[in-house]
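Just the heavy atoms: all of them, side chains too, but no hydrogens, waters or symmetry mates, feed the values below. Predicted model only: the values in this text are computed from it and were never measured. Throughout, residue positions are numbered sequentially from 1 according to the sequence presented.
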Amino acid sequence: MATNKREHTEAEKELRNEDPLSGEAGAHPVGAGVGAALGGAGTGAVAGAVAGPVGTVVGAIVGGVAGGLAGKAVAEDYDPTVEVEYWRGEYTNRPYYDESRTFDTVEPAYRAGMDAYDPATTATFDERESIARAQWEQRDDAILNWDDARPAAEDAYKRLAKRRAK
């Protein structure tokens with residue numbers, strides 16, 4: 001039986017940041033790990049302590065799973081793979097588009113804006129621009145200067161903030 005599901009190359013899988021179990025785009029193992037380590041396991045262990053040593057271990061495991069899921073949810077506030085693809089299609093429509101620059105030249109600026117975004121705050125891009133700029137200046141693949149990269153970073157940041165405000 002034929003299927004429409006296309007197999008992704010290893011390079012595509014890396015770009016998609018695929019979940020190793022489900023194959024879905026946008027896996028966030030760091031967010032899940034932080035949630036498990038910092039939130040769930042400790043809380044579960046304390047709650048399970050009431051039942052004694054075995055309860056502590058079971059509580060830590062259950063709490064770790066719950067914390068991991070919570071951490072994954074925070075990390076998935078946006079999917080960088082989806083965002084990059086959005087900007088790949090939108091770049092030529094932006095006022096800062098320059099036909100002498102390929103999307104690949106500007107993509108790191110979009111990523112700097114995404115990296116500066118923090119879903120836990122309501123800060124504007126102007127308030128977090130220094131973070132985006134620092135991200136930009138630390139990149140090895142940054143070709144543009146910050147003044148040329150800034151509009152794309154701001155666009156990416158504002159898109160994430162607007163989506164969160166809904």
Side-chain angles (χ1 to χ4, degrees), residues 1-39 65 67-166:
M1 175 175 198
T3 129
N4 290 334
K5 185 174 180 180
R6 178 171 90 77
E7 290 296 318
H8 296 284
T9 66
E10 289 304 312
E12 288 173 323
K13 288 179 182 178
E14 185 174 327
L15 285 173
R16 288 170 40 87
N17 196 29
E18 287 189 359
D19 183 289
L21 299 176
S22 69
E24 293 296 316
H28 298 285
V30 173
V34 169
L38 297 180
V65 170
L69 293 173
K72 184 175 187 256
V74 169
E76 287 183 345
D77 193 60
Y78 72 94
D79 181 345
T81 306
V82 170
E83 293 303 307
V84 167
E85 287 309 306
Y86 170 82
W87 290 114
R88 183 180 308 281
E90 184 61 23
Y91 169 56
T92 58
N93 300 321
R94 306 310 298 161
Y96 49 83
Y97 169 71
D98 180 338
E99 64 184 32
S100 70
R101 295 182 188 138
T102 65
F103 175 76
D104 292 336
T105 302
V106 182
E107 180 196 357
Y110 288 117
R111 288 191 182 270
M114 289 185 275
D115 290 345
Y117 174 73
D118 181 355
T121 73
T122 57
T124 65
F125 179 78
D126 290 338
E127 294 168 318
R128 295 190 55 89
E129 179 179 353
S130 62
I131 295 167
R133 185 176 187 156
Q135 290 283 341
W136 176 256
E137 291 173 350
Q138 291 175 4
R139 295 190 68 101
D140 293 333
D141 58 351
I143 296 170
L144 304 175
N145 64 43
W146 175 247
D147 290 336
D148 290 334
R150 185 188 185 284
E154 183 175 15
D155 256 358
Y157 185 95
K158 286 183 173 180
R159 175 174 152 84
L160 296 176
K162 181 179 179 182
R163 184 174 326 136
R164 183 169 190 270
K166 287 183 179 181

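- Every residue meeting the side-chain hydrogen bond (donor to acceptor under 3.5 Å, both in side chains) condition with Y117, not counting sequence neighbours, appears here in chain and number order: D77.
- There is no side-chain donor-acceptor pair under 3.5 Å between T102 and D104.
- Remark: R159 qualifies as a cation-pi partner of Y86 under the 6.0 Å distance and 45° angle criteria applied to the six-membered ring.
- With sequence neighbours excluded, the residues satisfying side-chain hydrogen bond (donor to acceptor under 3.5 Å, both in side chains) with D155 are R94, Y96.
- For the residue pair A109 and A152, the shortest heavy atom distance occurs at CB-CB, 3.8 Å.
- For D141, the side-chain contact (heavy atoms from CB on, under 4.5 Å) criterion is met by P108, R139, not counting sequence neighbours.
- Under the 4.5 Å side-chain criterion, counting only non-hydrogen atoms from C-beta, Y110 is not in contact with V84.
- F103 CZ to T92 OG1: the interatomic distance, rounded to the nearest 0.5 Å, is 10.5 Å.
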- Is there a side-chain contact (heavy atoms from CB on, under 4.5 Å) between L144 and R101 once you walk through the steps? CA-CA 9 Å; L144 304 175; R101 295 182 188 138; 3.3 Å; yes

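- Of all the heavy atoms in Y91 and V106, the pair that sits closest is OH-CG2, 3.4 Å.
- In this structure, the separation between CG on D98 and OG1 on T105 is 9.5 Å, given to the nearest 0.5 Å.
- Residue D126 forms a salt bridge (charged side-chain N to carboxylate O under 4.0 Å, His left out) with just one option from R150, R133, K158, and that option is R150.
- Nearest heavy-atom pair, D115 versus Q135, reported as atom, atom and distance to 0.1 Å: OD2-OE1, 3.5 Å.
- Ion pairing between a basic and an acidic side chain is recognised when a charged N comes within 4.0 Å of a carboxylate O; R88 and E83 show no such pairing.
- Although no hydrogens or angles enter the test, the distance criterion places no donor-acceptor pair under 3.5 Å between the side chain of E85 and the main chain of V82.
- Between W136 and W146, the ring planes are tilted. Angles from 30° to 60° get that label.
- Considering all non-hydrogen atoms of both residues, A132 and A112 come closest at O-CB, 3.6 Å.
- Taking CZ from R111 and CH2 from W87, the interatomic distance works out to 13.5 Å, rounded to the nearest 0.5 Å.
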